[in-house]
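As the structure is a computational prediction, the values presented were derived from the model and not from experiment. In what follows, chains carry the letters A, B, and so on, assigned in the order in which the sequence lines appear, proteins first and then strands, with residues in each chain numbered from 1.
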2 protein chains.
Amino acid sequence: MLKIPKITETEWEIMRLIWTKHPITSGELIDQLSAQDRSWHPKTARTLLGRLVKKGALKYEPLGRSYVYEPLVTEEECIGSASESFLDRVFGGSLQPMLAYFVKNQKLTKQDFKELGEILEGREKPQNKRGKK
Amino acid sequence: MLKIPKITETEWEIMRLIWTKHPITSGELIDQLSAQDRSWHPKTARTLLGRLVKKGALKYEPLGRSYVYEPLVTEEECIGSASESFLDRVFGGSLQPMLAYFVKNQKLTKQDFKELGEILEGREKPQNKRGKK
DNA sequence: CTAAATGGATTACGACGGTAATCCTTATCT
DNA sequence: AGATAAGGATTACCGTCGTAATCCATTTAG
């Protein structure tokens, strides 16, 4: 997969569901979207599914009279792509201002920080073990 | 300022410049945009300036025959707004997975972490001083 | 003085995205 | 069997966005 398609805000809702549970039929997806948020209209969901297929984010296969959808891109790939775009756009590539914002506005708790530190420590050790850079 | 306007990718380039240097005339802005990236066309910049004014992100005052622009929203406000939207869109509003992602993908350095901790420490103390809650 | 450049207002175009309808076919319900 | 619902393909509408032109008046350059 050379190129990660740009996924719009509304399409993210769909993709997040499909990444959680796939293969999934359009009917199941629509049910679950509605369960999460009643303002979803089935026709809208169908249109967006079609667009995601066109973009290369999803594929489908006929199953009886309905379609079963599966992702063509992983959640991590899309997060990566979206994150880079976002960081470039808003921060010119730097993460720090965003984290500072979340800290200042109390979205990042001491618990988050503690866990973050543990992850970071966990990450450092394998690198040291590898030796080279 | 109750509502932070949604600023598009291209508009961010303009806003970042104006936050750095304002008040600024349209001509100065156009010159600086072109200096950064030759693909900017003056007409495009003018259109986007007008839209940013319409959105409530900028204000202008006539100065001779040209206009002088100033931001109506701070960079911090816009970063905050954009960051929260990003978090909602890509991570369903949850901060922890985002932090974990950035750590795993080495976008968050030990230096960031250290600075983050300093901000967090700085934030905790004033609260304690206030006493209530 | 004339021609060219400049600055802003207005307009325009095509693509995109959210929202949904219409049409057709098939399946289900009464 | 007839009516209704469901599923998908196609179409449509409107606002947004990036891109830029046109028009007009004013300023600047030669």
Side-chain angles (χ1 to χ4, degrees), chain A residues 3-17 23-34 36-70 78 81-82 85-86 88-90, chain B residues 3-17 23-34 36-70 78 81-82 85-86 88-90:
Chain A
K3 180 68 176 153
I4 306 298
K6 181 179 187 308
I7 298 174
T8 66
E9 186 157 349
T10 310
E11 287 166 352
W12 269 98
E13 292 186 48
I14 292 180
M15 290 304 297
R16 272 207 304 274
L17 251 188
I24 189 169
T25 65
S26 49
E28 289 173 329
L29 179 77
I30 288 164
D31 287 347
Q32 291 190 39
L33 285 171
S34 294
Q36 289 183 6
D37 175 357
R38 284 180 163 264
S39 64
W40 271 101
H41 190 292
K43 297 296 182 187
T44 307
R46 285 190 191 289
T47 301
L48 297 184
L49 280 170
R51 286 179 185 169
L52 284 163
V53 166
K54 192 167 184 182
K55 283 180 176 182
L58 293 180
K59 70 178 173 182
Y60 69 88
E61 283 178 9
L63 180 69
R65 72 180 308 215
S66 67
Y67 290 174
V68 179
Y69 292 89
E70 288 190 71
C78 294
S81 184
S85 297
F86 177 72
D88 283 347
R89 169 163 59 101
V90 176
Chain B
K3 181 69 174 153
I4 306 298
K6 180 179 186 311
I7 298 174
T8 66
E9 187 156 345
T10 310
E11 287 167 352
W12 269 99
E13 292 185 48
I14 293 180
M15 291 304 296
R16 274 210 298 277
L17 250 188
I24 188 169
T25 66
S26 49
E28 289 173 329
L29 180 76
I30 288 164
D31 287 346
Q32 291 190 40
L33 287 171
S34 294
Q36 288 182 5
D37 175 356
R38 284 180 165 266
S39 65
W40 271 100
H41 190 292
K43 296 296 180 187
T44 306
R46 283 190 192 289
T47 301
L48 296 185
L49 280 169
R51 286 180 185 168
L52 285 162
V53 166
K54 191 166 181 179
K55 283 179 177 181
L58 293 179
K59 72 177 170 180
Y60 70 88
E61 282 179 9
L63 179 69
R65 71 179 308 213
S66 67
Y67 290 175
V68 179
Y69 292 88
E70 289 189 71
C78 293
S81 184
S85 295
F86 175 72
D88 283 345
R89 170 164 57 102
V90 176

Between [X] and [Y], is any pair of side-chain heavy atoms under 4.5 Å apart?
X     : Y     : result
A:L29 : A:L33 : yes
A:T47 : A:H41 : no
B:L17 : B:Q36 : yes
B:Q32 : B:I24 : yes

Whole-Å distance between [N] [atom2] and [X] [atom1]?
X     : N      : atom1 : atom2 : answer
B:L63 : C:dG8  : CG    : P     : 10 Å
B:E28 : C:dG7  : CD    : P     : 10 Å
B:L49 : C:dG7  : CG    : C1'   : 12 Å
B:W40 : D:dC17 : CH2   : P     : 13 Å
B:L48 : C:dG7  : CG    : P     : 17 Å
B:E11 : D:dC17 : CD    : P     : 6 Å
A:L52 : C:dC16 : CG    : C1'   : 13 Å

Is there a donor-acceptor pair closer than 3.5 Å between any side-chain N or O of B:W40 and the backbone N or O of B:I30? no
Would you indicate, yes or no, if D:dA21 has its OP1 or OP2 atom less than 4.0 angstrom from a side-chain nitrogen or oxygen of B:H41?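 Yes.
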Scan nucleotides 3-16 of chain D nucleotide by nucleotide, 5' to 3', and note B when protein non-hydrogen atoms come under 4.0 Å of the base, S if they reach only the sugar-phosphate, - if neither. ---BBBB--B----
Mind telling me whether B:Y60 and B:Y69 have parallel, tilted or perpendicular rings, with 30° and 60° as the class edges? tilted
